[in-house]
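To find a chain, count down the sequence lines: A is the first, B the second, and so on, and within it residues start at 1.
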4 protein chains.
Amino acid sequence: MSRRDPAGRRRAIIEAAVEVIAENGIDAVTHRRVAAAAGVPVGSTTYYFKDLKDLVHAALSHATDLTVQGLDQWSQALEASTDPAATLAELTGDYLAERDRFRTVNELYTAAAHHPELRPLARAWSDGLTGLLIPHADPHTARAAAVFIDGALLHALIHDQPLDTTTLTTALTALLASHEPTPARQPAKPDQPRQGLGQTH
Amino acid sequence: MSRRDPAGRRRAIIEAAVEVIAENGIDAVTHRRVAAAAGVPVGSTTYYFKDLKDLVHAALSHATDLTVQGLDQWSQALEASTDPAATLAELTGDYLAERDRFRTVNELYTAAAHHPELRPLARAWSDGLTGLLIPHADPHTARAAAVFIDGALLHALIHDQPLDTTTLTTALTALLASHEPTPARQPAKPDQPRQGLGQTH
Amino acid sequence: MSRRDPAGRRRAIIEAAVEVIAENGIDAVTHRRVAAAAGVPVGSTTYYFKDLKDLVHAALSHATDLTVQGLDQWSQALEASTDPAATLAELTGDYLAERDRFRTVNELYTAAAHHPELRPLARAWSDGLTGLLIPHADPHTARAAAVFIDGALLHALIHDQPLDTTTLTTALTALLASHEPTPARQPAKPDQPRQGLGQTH
Amino acid sequence: MSRRDPAGRRRAIIEAAVEVIAENGIDAVTHRRVAAAAGVPVGSTTYYFKDLKDLVHAALSHATDLTVQGLDQWSQALEASTDPAATLAELTGDYLAERDRFRTVNELYTAAAHHPELRPLARAWSDGLTGLLIPHADPHTARAAAVFIDGALLHALIHDQPLDTTTLTTALTALLASHEPTPARQPAKPDQPRQGLGQTH
DNA sequence: TATGAATGAGTCTTCATTCAT
DNA sequence: GATGAATGAAGACTCATTCAT
C-alpha cells in the first residue's frame, strides 16, 4: 500500500471500499471517502478504476470472494458433523456475529435489485450456500434453508440482537428434516426429479 | 394533486417518493426527481417537508403503513384457513409478486442498517407478521416463519423468479410444525395444525 | 443582469459565452470562464442551461441571429445600389473589420464540422448571404460569391490584414458578372433549371 | 511503430495525432487518445514531445507539409493544362473530396485565429496556393482564387456535399479572367488563357 | 401560501505532467 | 532509453437548501 506497489495499492483501495460499504452503504462510496479510508490521494482511486461503478464492483466482488471462501469451512464442518442442522445453526450464528460481513452481503443484495449486472455476484452467496447443503438435503430443502439464513440476515440487520441459537437450530432442524413431498408419507411420488436448484440459473 | 389542496399535494409527493424508492432506491430520492414524478414544482417538496430526510421518512412510513395494513387480510385469511401453512405460503407468494411492495420493504431494511432511527419502521413489517402468526404457533416458531418469509424477499430480489409455491409451502409447513426443542415445557399447545402438505396448486 | 432578473441573467450569460467563443474559441467555453465573464456564480450557468452543450448552442444561436439580422442591411444596401458588386465588396470589408463577429462565425463552422447538430446554424449565414444575392445573380453565382466571402473570412483569420477592398471588388465583380453557362455565349442552353441553391437543403 | 525504432515511433505518434485532429478537432488531442490511436504507451507521447502543445504543433506541421507537397502536383497539372481554370477546379474538387485533409487545414486555420504562433503554418497552404497561380494570373487575382478555394473548404465543411464542379469551374474561370480594375497598367499580360468554360465532366 | 431563482458544496471524471524504475 | 505509476488541478454536473417575491 506504499508508493510503487501497484498491486498492494489496488488492494488497499478495494479493502477501503469494502469497509465503506459495510459501514455506510454502497451509495456512500465516493472516490474521496474511499481515498481517505485507504490513505491514498483521490487521483489513485480513479487511476486504478475507470469508474466508480468499476470500483464498487471490484469491492463487492472481493467481499463476495471472501464470503464464499468461508463456505469451504462450512462444508467441512457439515461433513464432519453428526447433526448437520445444529452445526449449520452454529455456523449461521457465527456468521451473523460478523456485522461487516453480512451487512456487505445485504448491500450487495439491495444494489442487485436495481443493477442486474450485480445479480450474479449476489447469487454467489445464496447459491453457494444452497449447493453446500445439497449433500445433506434435497435441492428444494437446501434452498429453503439458505433462504431462511438470508432471512436471519435481514433480521439481524434491524434488530439489535441476531436470532438466538435455539431458534436457529429449531428452525433449521425442521427445514432440513422436511422433504418435499415427503416420500415416506406419499409413496406415490417416490423419485421426483432433482434437476438442480430451480430458479437459480 | 391539484392546486388548492395541500393535503392531496402532500400525499402526491409522498407517493411519488415511494415510487422513486421502489424503482431506484432510497439514495435516488432527490427533491427534483420526486417533484418531477409527482408533477409538482420543486419548491413544493421543500415546502411540505423540512428536509429530504423528512421526506424520505414520510415516504417509508407511508409505505410501511400500507404494507402493515395488508397484514389484516393475512390475519383474516389465516383465521379462516384449515391449513395455515398453505395459506401463509399462498399469501407470501402473492406478496412476492408485488415487486414494488417488497422492494420498498427491503430498501427500508437496508437503510435501517445504517440509520437506527428507521429501525422501528423496519420492524413494523417483520414484527407485525410475527405477531400475526402467534395464534398459530409459539412465538419462536412464529418468528422463524417471519424470518423465512423475509429470506424469500431477498431471494426474489436477486432471482428473476420468486420461490415457487411448493417450496414455500413445504418450508413453512415444516417451520410451523416445529416447536421448541424442549417440548416438555409446552404441552399446552399439543395440537397445532399439522395437516400435512396440502399443496394449493 | 442583477439579481432577480432571470431573463437578463440568462442573456448576460449567453453574451459572456459569445465573448469567450470569439476570444478563445468554442473549446475554451467552460462554466467557470463564462460565469466569470458574466459576473455571476458558476451555479447560475448550470441553472439556466442544462448542459454546457446547451449553453454553447444558445450562444452560437444568439450570435448567428445577430449576424443574420445584419443581412437585412446588406439587402437594403444592395437594393439601393447601382453597382451591387462594389456595394457587396464594401459590406464585406466592413464585416471583415469586425473580428469578433467573423471569428464567431468561423468557430461555428469548425464546430459544425464535428457536430452535425450545429450545421443548420452554420448554414444560416452562408445560405442567408446566398439568398440575399439571388435578386442580383443566378443561384450558382450567388453561391459562388458567398463562398468567396467565406474564403475572405478565413483569409482575415490568419493574416493580420483582411483582403483589401480592391481585391474584394475585383473578385466579386468578376464573380457576379459570371453566369453559368453564359446564356449569350451558349444560347444552346438558354433556360437551365434554377431549382434553388443546390446542395443547400 | 515497433519497439527499437525511435524515428518510426515518433512518426506514428504524429500521424495518430493528425488523425485525431481530423476526426475530432485539435482540442480533442490528449496524450491518452493519441497514444491509443498510435498503439503506443502513454509515456511515449510525453517522452518524444516535451509538451502537448509541442505534439500538436508537430502534427499540424506534418499535415501542412503533406498538403503543401501536394501543391507540386497542382503546379505540374496547371503547367500542362490548356485550361488552367478548369484544371484548378478539378484539382479543387479532388481536394475537397479528401475530408481528413481539408478538415485538418481548417482546424489549423481556426487554431491559428487564437494562437499567432500557428499562423505561419496556416498561411503555408493559402500562400502556397496563391504563389502557384502567379504564373497564370496577376498576384491579386491569384490571391482571390486561393481565397475562393478556401471558401469552398468552409462550404464543404458544413454541407454534406462539396460544391459541384460546374460551380467551381465557372467561378474560378471568372476569377482568373478578372484583372485589376486598372487594366491600363497591366497590358503586359493580355492573353491570359480565356478559353471559355470548358467543362471537364 | 407557494414557488421559481439562486448558489455553494460536493462528486465524478479527465488529464497533463512528473518521476521512479 | 522508455514506460507505468502517480497525483493535483480543473471542469461538468447535481443538488439540498435558502430566499425573495
A/Thr104 side chain vs A/Asp100 backbone, donor-acceptor pair below 3.5 Å: yes

side-chain contact (heavy atoms from CB on, under 4.5 Å) between C/Thr110 and D/Tyr109, intermediate numbers included: CA-CA 9 Å; C/Thr110 303; D/Tyr109 278 176; over 6 Å; no

Those residues of residues 42-63 of chain B lying under 4.0 Å from DNA chain F by at least one heavy atom: B/Thr46, B/Asp51, B/Leu52

Members of residues 19-35 of chain A that approach DNA chain F, where some heavy atom sits under 4.0 Å away: none

Over all atoms of both residues, closest heavy-atom pair of B/Arg101 and B/Thr67: CD-OG1, 3.0 Å

Polar side-chain atom of C/Arg32 near backbone of C/Val42 as donor-acceptor pair, under 3.5 Å: no

Matching residue for B/Leu121 among B/Asp65, B/Val68, B/Leu60 - test: side-chain contact (heavy atoms from CB on, under 4.5 Å): B/Leu60

B/Glu15 backbone acceptor or donor facing B/His62 side chain under 3.5 Å: no

Contiguous pairing runs of three or more, Watson-Crick or G-U under 3.5 Å, that involve DNA chain E: E:2-21 with F:2-21

D/His114 (side chain) donor-acceptor with C/Glu23 (main chain) under 3.5 angstrom: yes

Donor-acceptor contact present, side-chain B/Arg119 to main-chain B/Ala112, <3.5 Å: yes

N or O in side chain of A/Arg10 less than 4.0 angstrom from F/dG4 OP1/OP2: no

Given E/dA2, E/dG4, F/dA2, the nucleotide with the shortest approach to the side chain of D/Arg9: F/dA2

Stepwise side-chain contact (heavy atoms from CB on, under 4.5 Å) test for C/Phe49 and C/Arg10: CA-CA 9 Å; C/Phe49 303 90; C/Arg10 193 172 198 280; 3.4 Å; yes

Donor-acceptor contact below 3.5 Å, side chain D/Arg103 vs main chain C/Ala113: yes

